[in-house]
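To start, the structure under review is shown below, and the notes come after it.
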Amino acid sequence: GGETSITLQIFGLLNVANEGFGPIHCRFGNDKHNIALATIFNESLVACMAPAAYTPGNVSLSLSAFDRLPFSSNSLTFEYTAQPKVYGFSPSNGPHSGGTSVRVEGLNLMPRSKVSCRFGHHESYGYLDTNEHFGVIYCVTPAINTITSQTLYLKLDPVNEWIDTGMDFHFIEPMLLDSISPLNIDYGTDYVQVKVGGFSRGVDTMCCFGTGTN
């Protein structure tokens with residue numbers, strides 16, 4: 001991880017600035033090379049860009065007026081998390097009325113609690129299935145009420161940034177069952193004609209008879 005902007009609220013910043021001790025720096029961990037220049041917003045608010053880390057984990061975060069004052073005696077804990085990566089999701093299409101649960105698979109998809117999803121600019125919600133293995137989450141499509149393709153974005157607690165999956169979900173017309181013919185057949189395999197409204201060509205479609213899928 002790394003290259004993330006973090007905001008810190010601190011006390012005594014105005015005194016340091018008035019004494020002319022120079023720019024404020026943030027240090028991540030004990031490595032002297034993991035130092036970043038802070039941007040000062042006001043007398044108690046600064047922001048730092050976290051440098052890249054080779055492995056996930058917790059490091060201490062402290063402040064200093066570089067070369068003039070030692071780093072702050074107290075420190076905070078900053079956590080580097082593994083970079084999430086999405087491999088794919090299914091289904092890739094569903095009715096534009098919303099409510100489709102989309103199964104998203106990838107690497108390091110392990111939020112602490114909250115999963116947020118966004119289809120284009122339309123925010124929705126997600127959830128974890130405790131019966132699934134790590135690396136799988138679910139997003140529920142919002143109601144858009146138009147035929148369109150929208151890129152899926154994820155936000156996984158505790159990282160407050162949207163992840164662009166680079167893949168689109170296709171919102172299509174809801175399919176409404178009009179008729180089935182014949183209504184019964186002899187035991188064995190046969191063709192059944194199904195008439196539906198809102199059918200979209202190029203969309204994978206399956207028929208379900210009872211509790212099985214064919």
Side-chain angles (χ1 to χ4, degrees), residues 1-7 49-50 52-56 79-180 191-214:
E3 300 303 315
T4 298
S5 178
I6 61 171
T7 303
M49 188 69 72
Y54 294 108
T55 58
E79 180 182 5
Y80 283 98
T81 59
Q83 183 67 31
K85 183 175 179 58
V86 175
Y87 294 146
F89 58 79
S90 63
S92 59
N93 56 74
H96 59 61
S97 54
T100 300
S101 288
V102 180
R103 187 177 188 269
V104 184
E105 295 186 67
L107 182 66
N108 300 320
L109 302 182
M110 295 179 289
R112 299 290 173 79
S113 57
K114 184 179 179 181
V115 179
S116 299
C117 304
R118 199 179 86 211
F119 294 81
H121 297 293
H122 306 271
E123 290 197 31
S124 184
Y125 67 94
Y127 62 92
L128 293 170
D129 187 341
T130 56
N131 295 319
E132 289 276 14
H133 56 78
F134 287 128
V136 175
I137 60 176
Y138 287 83
C139 289
V140 179
T141 60
I144 293 182
N145 297 322
T146 186
I147 299 174
T148 182
S149 295
Q150 300 288 335
T151 301
L152 174 61
Y153 298 84
L154 304 174
K155 187 158 60 176
L156 310 176
D157 177 71
V159 180
N160 192 35
E161 293 182 353
W162 289 105
I163 302 166
D164 184 352
T165 68
M167 291 174 277
D168 288 351
F169 183 87
H170 308 288
F171 291 85
I172 60 176
E173 286 281 0
M175 288 194 294
L176 302 175
L177 184 62
D178 291 333
S179 65
I180 302 174
Y191 288 102
V192 175
Q193 185 180 65
V194 180
K195 290 185 179 182
V196 297
F199 181 77
S200 300
R201 292 186 180 276
V203 175
D204 293 334
T205 306
M206 300 180 69
C207 296
C208 178
F209 296 84
T211 57
T213 57
N214 293 285

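Here the structure is a predicted model, which means the values were calculated and not measured.
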With sequence neighbours excluded, what pairs up with [X] under the side chain to side chain donor-acceptor pair (under 3.5 Å) test?
{"X": "His170", "result": "Ser149"}
{"X": "Ser97", "result": "none"}
{"X": "Asn108", "result": "none"}

List the atom of [X], the atom of [Y], and the distance in Å for their closest heavy-atom pair.
{"X": "Phe119", "Y": "Cys139", "value": "CZ-CB, 4.1 Å"}
{"X": "Pro84", "Y": "Ile163", "value": "CG-CD1, 3.6 Å"}
{"X": "Cys117", "Y": "Leu152", "value": "CB-CD1, 4.4 Å"}
{"X": "Leu109", "Y": "Ile137", "value": "O-CG2, 4.0 Å"}

Nearest-0.5 Å distance that lies between atom [atom1] in [X] and atom [atom2] in [Y]:
{"X": "Tyr153", "Y": "His121", "atom1": "OH", "atom2": "NE2", "result": "7.0 Å"}
{"X": "Glu173", "Y": "Ile147", "atom1": "CD", "atom2": "CD1", "result": "4.0 Å"}
{"X": "Leu156", "Y": "Leu128", "atom1": "CG", "atom2": "CG", "result": "8.5 Å"}

Which residues satisfy the ring pair (Phe, Tyr, Trp, His ring centres under 6.0 Å) test with Tyr127, sequence neighbours excluded?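 Only Tyr138 meet the ring pair (Phe, Tyr, Trp, His ring centres under 6.0 Å) criterion with Tyr127.
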Donor-acceptor check, side chain of [X] to backbone of [Y], threshold 3.5 angstrom: yes or no?
{"X": "Thr141", "Y": "Gly99", "result": "yes"}
{"X": "Ser124", "Y": "Val140", "result": "yes"}
{"X": "Ser90", "Y": "Ser92", "result": "no"}

Please enumerate all residues that pass side-chain contact (heavy atoms from CB on, under 4.5 Å) together with Thr148, with sequence neighbours excluded.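 Listed in chain order: Ile144, Thr146, Gln150, Phe171.
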Would Met167 and Val86 satisfy side chain to side chain contact (heavy atoms under 4.5 Å, CB included), going step by step from the backbone distance to the final call? CA-CA 9 Å; Met167 291 174 277; Val86 175; 3.5 Å; yes
If a pair satisfies ring pair (Phe, Tyr, Trp, His ring centres under 6.0 Å) and one of its residues is in residues 86-108, list it, with sequence neighbours excluded. none
Residue pair Val115 / Asp157, side-chain heavy-atom distance below 4.5 Å: no
Val136 and Arg103: CA distance, side-chain angles, deciding distance, side chain to side chain contact (heavy atoms under 4.5 Å, CB included) verdict: CA-CA 7 Å; Val136 175; Arg103 187 177 188 269; 3.7 Å; yes
